Amino acid sequence: MKTIYLDHAATTPVHPRVLERMLPYLKDQYGNPSSVYRLGREAKKAIEDAREKVAQLIGAEPREIVFTSGGTESDNIALQGVARANRARGRHIITSSIEHHAILHTAEALEKEGFEVTYLPVDKYGLVSIADLEAAIREDTILISIMYANNEVGTIQPIREIGRVAREHGIIFHTDAVQAVGYVPIDVNRDNIDLLSLSGHKLYGPKGIGALYIRKGTRMAPLMGGGSQERKWRPGTENVPGIVGLGEAAALTGENMEERAGKLRRLRDMLIEGVLERIDHVRLNGHPQQRLPGNAHFAFEFIEGESLLLNLDLEGIAASSGSACTSGSLEPSHVLLAMGIPHEIAHGSLRLTLGEDNTEEDIKRVLEVLPPIVQKLRDMSPLYRERVE
Ligand SMILES: *Cc1c(COP(=O)(O)O)cnc(C)c1O
């Protein structure tokens, strides 16, 4: 049975073109980019080519791109780096209650070190309000960190507005754009972004590689010491194959982005309409329009999300109940709770995230398989029988 992969928000396959570009750097092109001889210089050149491609994808200058080990590390360098360098100016940070744990756990760690963090609420669609943001700003606010698009429900934030407010107050603005890069056109200048995190494996690149955009002149301190690679922001011998792969992935997703997003949107809308039509007691989570092109997120009443996933897996369908990081725990997602979705409904959530490789046939198959699974699970639920009979 062919696997229907519908979990592209968790990770994406490496695109064949990306793999092809990487292979020489795993074989004959093994030089250390810091070495002076040809093999080293060629590796260095490959890194700088990749830097240009990543910069181009988000409207940055190449020297503002720092390669890291992924989204989590980029988020850590951004938050901790700004906190360390600006401690004397202020100790207040603003973020949202629906961030990825790479942000939330880092913010909590900073609270233990004496920083104060405001976690902005969101509305029922998962949107942050500009009025709430403005009200939260204080004299001593040094950083605003709001994600570009949410990894669970796909809601896209009003980033340009948030950036404008941050700029007006002279506050550094970071955005975790791991889910948005490659799917939504991003321009760090138009959007007033000072720091931006992205990750290779969410855009058809390899795992273990990412980047942090650092606007020139941003007041920050590096976290690690040890070498002068990546202008000292990220010391240690560079992951050359990974960097080359990320560069190629950036170039690839930058080509015909609108066309590719359009294809995802069509499949997504077919999936959403089909599910809402065929199944009752179900709701779509996240914003109906301002959402990632490939994201469909549902909550089914009277159902346990985990049983739904296991049953879909038996049919060869790979899906998620929300974030890969919270699955395995039975706590409902902090994102859904922040959106005001009751516990019992949040438990019945299903995230289907589409990618390049998905077809209309895949969607039809899901629409054929999902309704009887939901019905079977509900028939076993005493709550459902009480409510419906
Ligand atoms: C996946 C993800 C991360 C973590 O990226 P890694 O490269 O896996 O460390 C951070 N933020 C968001 C929004 C993500 O979706």
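Indexing begins at 1, ligand by ligand and atom by atom, following the structure's order. Along the sequence shown, residues are numbered consecutively beginning with 1. Small disclaimer: the values here were computed from a predicted structure and weren't measured.
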Hydrogens and angles aside, do Tyr5 and Thr3 bring a side-chain donor and acceptor to less than 3.5 Å of each other?
no
Hey, can you tell me if Tyr183 and Tyr204 have their rings parallel, tilted or perpendicular (30° and 60° cut-offs)?
tilted
Any N or O on Gly71 sitting closer than 3.5 Å to an N or O of ligand 1?
yes
Nearest non-hydrogen protein atom to atom 11 (N) of ligand 1, with distance, is Asp176 OD2, 2.7 Å
Looking only at side-chain N and O atoms, does His8 offer a donor or acceptor that is under 3.5 Å from a partner on Asn295?
no
Decide whether an N or O pair under 3.5 Å exists between Ser69 and ligand 1.
no
Short N or O distance, His201 and ligand 1, threshold 3.5 Å exclusive
yes
Distance from atom 12 (C) of ligand 1 to nearest protein heavy atom, with residue and atom
His100 CD2, 3.4 Å
What is the closest protein heavy atom to atom 7 (O) of ligand 1, and at what distance does it sit?
Ser199 OG, 2.7 Å
Return yes if a side-chain donor-acceptor contact under 3.5 Å exists between Ser321 and Ser349, otherwise no.
no
Atoms of ligand 1, numbered as shown, that sit under 4.0 Å from any heavy atom of Val178
1 (C), 2 (C), 10 (C), 11 (N), 12 (C), 14 (C), 15 (O)
What atoms of ligand 1 come within less than 4.0 Å of a heavy atom belonging to Gly70?
7 (O)
Flag for His92-Thr118: side-chain donor and acceptor within less than 3.5 Å
yes
Would you check if there is a donor-acceptor pair between the side chains of Glu99 and Ser96 at a distance under 3.5 Å?
yes
Of the protein's non-hydrogen atoms, which lies at the shortest distance from atom 14 (C) of ligand 1, and what is that distance?
Lys202 NZ, 3.1 Å
So, Thr11 versus Lys202: side-chain donor-acceptor pair below 3.5 Å or not?
no
Name the closest protein heavy atom to atom 4 (C) of ligand 1, giving the residue it belongs to and the distance to 0.1 Å.
Thr72 OG1, 3.5 Å
